[in-house]
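Worksheet: the structure to be examined is printed underneath.
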Amino acid sequence: MKFDLLQKDPQSKARAGSITTDHGVIETPIFMPVGTVASVKGVHQRELKDDINPDIILGNTYHLYLRPQTEILEKAGGLHKFMNWDRNILTDSGGYQVYSLSSNRKIKEEGVKFKSHIDGSYHFFTPENVMEIQRTIGADIIMAFDECTPYPCDYRYAQRSMHMTHRWLDRCINHLEKVPYKYGYEQTFFPIVQGSTYKDLRRQSAEYIANSGQQGNAIGGLSVGEPAEEMYAMTEVVCEILPEDKPRYLMGVGTPINILENIALGIDMFDCVMPTRNARNGMLFTANGTINIKNKKWEADFSPIDEMGHTFVDTEYTKAYLRHLFAANEYLGKQIATIHNLGFYMWLVREARKHILAGDFRPWKEMMVKNMSQRL
Ligand code: PRF
């Protein structure tokens with residue numbers, strides 16, 4: 001993997017760059033659509049490529065390990081082939097999903113024992129076996145096995161958990177050296193900063209992660225219920241320490257406003273279920289604010305879904321029609337809303353990149369944040 005830092009914004013910490021892997025170029029800042037179980041819910045790979053056009057999508061080790069299971073992915077020749085996606089993929093390690101989805105989990109130094117949310121069976125994740133699973137899934141970027149602390153989290157727990165995440169990181173790195181790539185292309189490993197909402201812990205964790213000398217770095221444990229201002233404060237202290245010449249990935253963030261504010265603090269990569277999950281509930285993101293398409297006020301509004309939108313659904317369908325599809329609980333409604341939201345998120349990060357390159361990111365961001373705060 002290669003990272004080229006192309007431009008720094010003079011009035012903020014925003015950067016534009018490009019990451020090159022064996023599956024192509026990723027222009028940063030980037031938003032990665034979430035394809036948890038080898039599918040971006042409701043979107044054909046053809047639409048994803050032609051209409052939404054992301055350079056990279058995200059998959060989840062936790063889900064793929066439970067279903068279809070690692071053995072099937074190995075027989076398929078890896079996740080790219082299995083799902084017919086020849087661009088980049090990043091897999092999360094399960095370090096978050098284990099805590100948010102499984103029940104009866106027990107965290108020990110050795111690893112995490114958890115109960116499957118699918119059939120109630122018991123499983124054990126360790127830094128070592130999660131690295132092996134990620135080798136077999138075969139994503140281009142793979143993540144460290146960490147513990148994502150909840151919010152709020154008392155200082156002593158956050159401190160102990162952070163140190164365990166650091167020890168787990170060493171185990172991940174040691175083990176990866178022993179397990180070669182499986183499918184002929186390179187995999188890049190990203191460690192994850194933790195430390196809850198404590199600046200001193202965040203600084204300590206960022207130093208540890210930076211010193212591990214990997215080719216990219218991630219920030220976890222944020223967007224777990226803390227106020228946005230606390231998230232930004234943590235991103236700021238961590239970005240001061242993480243090396244400038246490597247990409248920075250803020251995990252699980254966020255709203256369109258969160259994304260612009262964190263780009264301004266020096267983040268290059270984002271993922272979040274919000275555009276896809278909220279779409280399935282009828283919430284649309286636009287440059288002028290959010291729309292609840294289920295609202296009666298759209299019943300006879302025959303204007304396009306989003307006049308300024310950038311995907312085919314925005315101009316081919318009306319608000320009244322989309323509202324009707326939600327009222328009738330038609331699959332097509334969720335599909336249209338998903339394509340709209342993903343198209344909007346991709347437009348937003350590409351536009352941010354253009355403004356960083358042009359040198360006017362800061363005023364553009366301020367205007368966008370104001371406009372996007374509205375409810376339509
Ligand atoms: N760790 C991992 N994945 C994550 C997170 C984390 O802390 C978050 C936190 N918002 C999202 N996804 N491994």
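Just so you know, residue 1 is the first one in the sequence shown, and it goes up from there. Every number for a ligand or one of its atoms is a count from 1 in the order of the listing. Every value quoted in this text rests on a predicted model; they were computed, and no experiment measured them.
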Checklist outcome for this item: Ser93 heavy atoms within 4.0 Å reach ligand 1 at atoms 13 (N)

Checklist entry - Would Gln97 count as a contact of ligand 1 if the rule is a heavy atom under 4.0 Å away? => result no

Next on the checklist: Nearest non-hydrogen contact with atom 1 (N) of ligand 1 belongs to which option: Asp146, Asp92, Val130?
Outcome noted: Asp146

Checklist outcome for this item: Any heavy atom of Val253 under 4.0 Å from ligand 1? The part involved is neither

Next on the checklist: Counting the benzene-type ring for Trp, do Phe285 and Phe344 have ring centres under 6.0 Å apart?
Outcome noted: no

Next on the checklist: Using a 4.0 Å cut-off to any heavy atom of Ile192, which atoms of ligand 1 qualify?
Outcome noted: 13 (N)

Checklist entry - Hey, does Ala144 come in under 3.5 Å of ligand 1, counting only N/O atoms on both sides? => result no

Checklist entry - Quick one: does Met251 get an N or O within less than 3.5 Å of an N or O on ligand 1? => result yes

Checklist entry - Do any nitrogen or oxygen atoms of Gln194 lie less than 3.5 angstrom from nitrogen or oxygen atoms of ligand 1? => result yes

Item to check | Ion pair Glu261/Lys365, N-O distance below 4.0 Å | outcome: yes

Checklist entry - Can a salt bridge be assigned to the pair Asp268 and Arg15 using a cut-off of 4.0 Å between side-chain N and carboxylate O? => result yes

Next on the checklist: Under 6.0 Å from the ring centre and within 45 degrees of the ring axis: does the NZ or CZ of Lys106 meet both conditions for the six-membered ring of Phe114?
Outcome noted: no

Item to check | Check: Asn53/Arg87 side-chain N/O donor and acceptor closer than 3.5 Å | outcome: yes

Next on the checklist: Taking 4.0 angstrom as the limit and counting only heavy atoms of Gly220, give me the atoms of ligand 1 inside it, by number and element.
Outcome noted: 6 (C), 7 (O)

Checklist entry - Looking at NZ of Lys2 and OG1 of Thr21, how far apart are the two atoms once the value is rounded to the nearest 0.5 Å? => result 11.5 Å

Next on the checklist: Looking at every heavy atom in both Phe270 and Ile263, which two are closest together, and how far apart are they?
Outcome noted: CE1-CG1, 3.5 Å

Item to check | Arg277, CZ atom: more than 12 neighbouring heavy atoms under 6.0 Å | outcome: no

Item to check | Protein contact to atom 9 (C) of ligand 1 [nearest heavy atom, distance to 0.1 Å] | outcome: Leu222 O, 3.4 Å

Item to check | Contact atoms of ligand 1, heavy-atom distance to Gly221 under 4.0 Å | outcome: 6 (C), 7 (O), 9 (C)

